[in-house]
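Numbering of ligands and ligand atoms starts at 1, following listing order. For clarity, every value in this text was computed on a predicted model and none was experimentally measured.
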Amino acid sequence: MSADAPTWPAEFAERYRAAGHWRGRTFGRMLRERAELHPDRIAVVDPAGSRRDWTYAELDTRADRLAAGLLDAGIERGDRVVVQLPNIAEFFETVFALFRIGALPVFALPAHRDTEITHFCTIAEAVAYVVADVHEGYDYRALATRVRTKCPSLRHVFVVQDAAHAGDTPDAGEHTPLADLPRDPVPHDEPEAGDLAFLQLSGGSTGVPKLIPRTHDDYLYSVLASNEVCAVDEHSVYLVALPAAHNFPLSSPGSLGTLAAGGRVVLCPRPDPDTAFPLIQRERVTLTGLVPPLALAWTESATDTPYDLGSLRVLLVGGAKFSAEAARRVRPALGCALQQVFGMAEGLVNYTRLDDDEETVVTTQGRPLSPDDEIRVVDDADRDVAPGETGHLLTRGPYTIRGYWRAPEHNARSFTEDGFYRTGDLVRLTDSGHLVVEGRSKDQINRGGEKIAPEEVENVILGHHAVHDVSVVAVPDDYLGERSCAYVILRPGADLRAVALRRFVRERGLAAYKVPDRVEFVDAFPHTGVGKVSKKDLRATAADSAPAAEPAPASQAAPHD
Ligand code: OOB
């Protein structure tokens, strides 16, 4: 057990090494080896603005030079650096530079705002924060300025500056353009494969999100094993359509899988068909990963698109349950194979296989990636359920964490004594060993793949002076799978409109996808036998009643009033 997070007991680590899963290689080495093997092959294509194609040699050199600049700025091995970048080439330059130093990227999403970023910087005790300047109309430099006043550990803000915004930095001097760092190589220690590589974000079911510590050994294993299962090789062209820092497009098999195989990564600035389809045609994209609402939008648009999608071989769909009806439409509409992915940033990833029969592909969420993934399906008392019955999914294995970062109390609840992670998912196992996701026992809302911890939103709403009590629940939705609904009890005599409450949540600095899609004012909550608020009854009420507010648009876009 390290001070910051529990790790695998020695006998497990030995077993995973002996099985050849953990190969003693870091991500920094992986890129170096690729660059030596085929320096001139294109690694990353960033089509936005003036198109950039970086070869493996260029990415490798850029990572080294930026590593030197970061070292010069005082970033050291083991330091945490919050990285909040959109789908741009500098994402890879930054992340590989940090990997080379052994500093840990903390992967934030572009949608995160003051509350989330302040929290990540605080619990990670981050020394630096890397942002874009202005992206999709949002000024990340202003966000960084605000966060900096709240996080004393934060010594640097590095900005990836667009030529269009050079020189207009608010509070100039507080932020260092990434490009201005010195680039002279300095000798430094390289991290070891057993060291932590980065901190990933948990979907969360508690008031504040938890950080997930992943090592080079365990993550690189999941990436290389995913390459085998998804047939990724040096001819693969992967389109990063989802936010690059999310575990799914990063590693399943994602951009890192593609780079590890010597393939080509194409960055997609937005995941809609109008942006993605021309890129697929032009770059001859062979695979990509999407959440279910986007997969639906793509299959609908593909029927009469003028673009040639013929290069596409595999579409991976995961992050939330993909209905069998929608899954059935993928192959006819897009002319490619579907692989369902049921994964989690904590580790375990399940895939349907390319040689599974069509029924298995459309009706299950796949089977575990590794032969050493251990799966248990249990009842409320942790007893194994009968084969084929639905129960709680517990898992342990060569790339599933043994505990969150600096969260001993939470770890005692989220892991069994013998190290199984309690996923909070309700599943059943088929005879073929595939998993079908039947529901959830964790208090979480899955809004088209974007995870919302109701408690986090409730805490913000409770900060409103007119609110006496609140309960946030999931409401079924045809398009997103689920949306969020806040049930609110006002203080006596208080007056508050839904629009004002939603604005309040946004202004408190929560990511837009967490702003409740619906707000219902009620006099009381239903209670369970022991007097707790019954979210089950609230969910049922919400599902039965018509929406009171206009449904917000899909993920990636901000809900607005
Ligand atoms: C992926 O990772 P996270 O960490 O954002 O979310 C994990 C949770 C799972 O515990 C499950 O509740 C849900 O998302 N989930 C699915 C699913 N894939 C994920 N629920 C039903 N069906 C699926 N196919 O979401 C993630 C990480 C790596 C690869 C793919 C997804």
Side-chain angles (χ1 to χ4, degrees), residues 107-109 111-112 199-205 209-212 214 218-219 222-223 225-226 229-230 238 240-257 287-295 315-324 326-327 330 338-352 360-370 373 375 390 392-395 399-401 404 414 421-428 434-453 474 480-482 511 513-514 555:
F107 287 124
L109 299 173
H112 288 136
L199 300 174
Q200 186 55 275
L201 308 182
S202 75
S205 55
K210 301 284 174 291
L211 297 178
I212 296 168
R214 302 289 301 257
D218 91 74
Y219 207 63
S222 79
V223 160
S226 295
V229 162
C230 305
Y238 182 90
V240 186
L242 296 171
H246 189 274
N247 195 57
F248 179 16
L250 194 61
S251 70
S252 302
S255 53
L256 291 180
L287 82 162
T288 187
L290 295 177
V291 290
L294 285 171
L315 177 68
L316 295 133
V317 180
K321 177 90 179 238
F322 198 32
S323 74
V330 168
L338 165 69
Q339 284 190 280
Q340 293 212 41
V341 197
F342 163 38
M344 50 206 74
E346 284 82 356
L348 180 70
V349 189
N350 305 275
Y351 292 94
T352 56
T360 305
V361 170
V362 299
T363 60
T364 79
Q365 279 64 58
R367 60 184 173 82
L369 175 59
S370 170
D373 281 320
I375 294 289
T390 298
H392 305 278
L393 172 65
L394 310 183
T395 186
Y399 60 98
T400 296
I401 57 163
Y404 292 97
S414 297
Y421 167 54
R422 298 182 188 277
T423 65
D425 293 309
L426 297 173
V427 302
R428 81 185 148 77
H434 288 71
L435 293 167
V436 178
V437 180
E438 297 285 8
R440 239 184 357 250
S441 53
K442 56 189 164 193
D443 191 14
Q444 188 178 77
I445 298 168
N446 190 334
R447 191 179 185 277
E450 288 180 312
K451 315 301 180 323
I452 304 170
L480 288 178
E482 292 174 9
Y513 66 86
K514 298 180 185 170
S555 87

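Of all the heavy atoms in Ala295 and Phe322, the pair that sits closest is CB-CZ, 3.8 Å. When all heavy atoms of Ser370 and Tyr399 are compared, the closest pair comes out as CB-CE2, 3.9 Å. Between Pro368 and Ile375 the shortest heavy-atom distance is CG-CG1, 3.7 Å.
Closest protein heavy atom to atom 28 (C) of ligand 1: Asn247 ND2, 3.5 Å. Atom 4 (O) of ligand 1 has as its closest protein heavy atom Ala345 N, 3.0 Å. For atom 1 (C) of ligand 1, the closest non-hydrogen atom on the protein side is Gly343 O, 3.4 Å. Summary of contacts: the protein heavy atom closest to atom 21 (C) of ligand 1 is Lys321 N, 3.3 Å. Here the heavy atom of the protein found nearest to atom 24 (N) of ligand 1 is Val341 O, 2.7 Å.
Of all the heavy atoms of His246, the ones lying under 4.0 Å from any atom of ligand 1 belong exclusively to the side chain.
Not a single heavy atom of Arg440 lies less than 4.0 angstrom from ligand 1. Residue contact check for ligand 1: Lys442 places a non-hydrogen atom closer than 4.0 Å to it.
Annotation: Val317 places no N or O atom under 3.5 Å from an N or O atom of ligand 1; distance criterion only. Checked by distance only, ligand 1 and Glu346 stay at 3.5 Å or farther apart across all their nitrogen or oxygen atoms. At least one N or O atom of Asp425 sits closer than 3.5 Å to an N or O atom of ligand 1. For Lys451, a nitrogen or oxygen atom sits less than 3.5 Å from a nitrogen or oxygen atom of ligand 1, counting backbone and side chain alike. For ligand 1, the polar-atom distance check finds an N/O of Gly319 within less than 3.5 Å of one of the ligand's N/O atoms.
Taking CD of Gln339 as the start and CD of Gln365 as the end, the distance is 13.5 Å to the nearest 0.5 Å.
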Exercise. Taking it one step at a time, do Thr390 and Arg428 satisfy side chain to side chain contact (heavy atoms under 4.5 Å, CB included)?
Worked result: CA-CA 4 Å; Thr390 298; Arg428 81 185 148 77; 3.8 Å; yes
Exercise. How far apart are the C-alpha atoms of Leu369 and Tyr351, what are their side-chain angles, what is the distance that settles it, and do they pass the side chain to side chain contact (heavy atoms under 4.5 Å, CB included) test?
Worked result: CA-CA 7 Å; Leu369 175 59; Tyr351 292 94; 3.8 Å; yes
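Put simply, the residue from Lys321, Lys442, Arg440 that forms a salt bridge (Lys or Arg N to Asp or Glu O under 4.0 Å) with Asp425 is Lys442. Considering Leu393, Thr423, Thr352 in turn, Leu393 is the only one that fulfils the side-chain contact (heavy atoms from CB on, under 4.5 Å) rule with Phe342.
Each of the atoms 22 (N), 24 (N) of ligand 1 lies under 4.0 Å from some heavy atom of Gln365.
Across Ala320, Gly449, Gly318, Gly439, heavy-atom proximity to atom 23 (C) of ligand 1 is greatest for Ala320.
Between His112 and Tyr513, the angle of the ring planes lies from 30° to 60°, which puts this pair in the tilted group.
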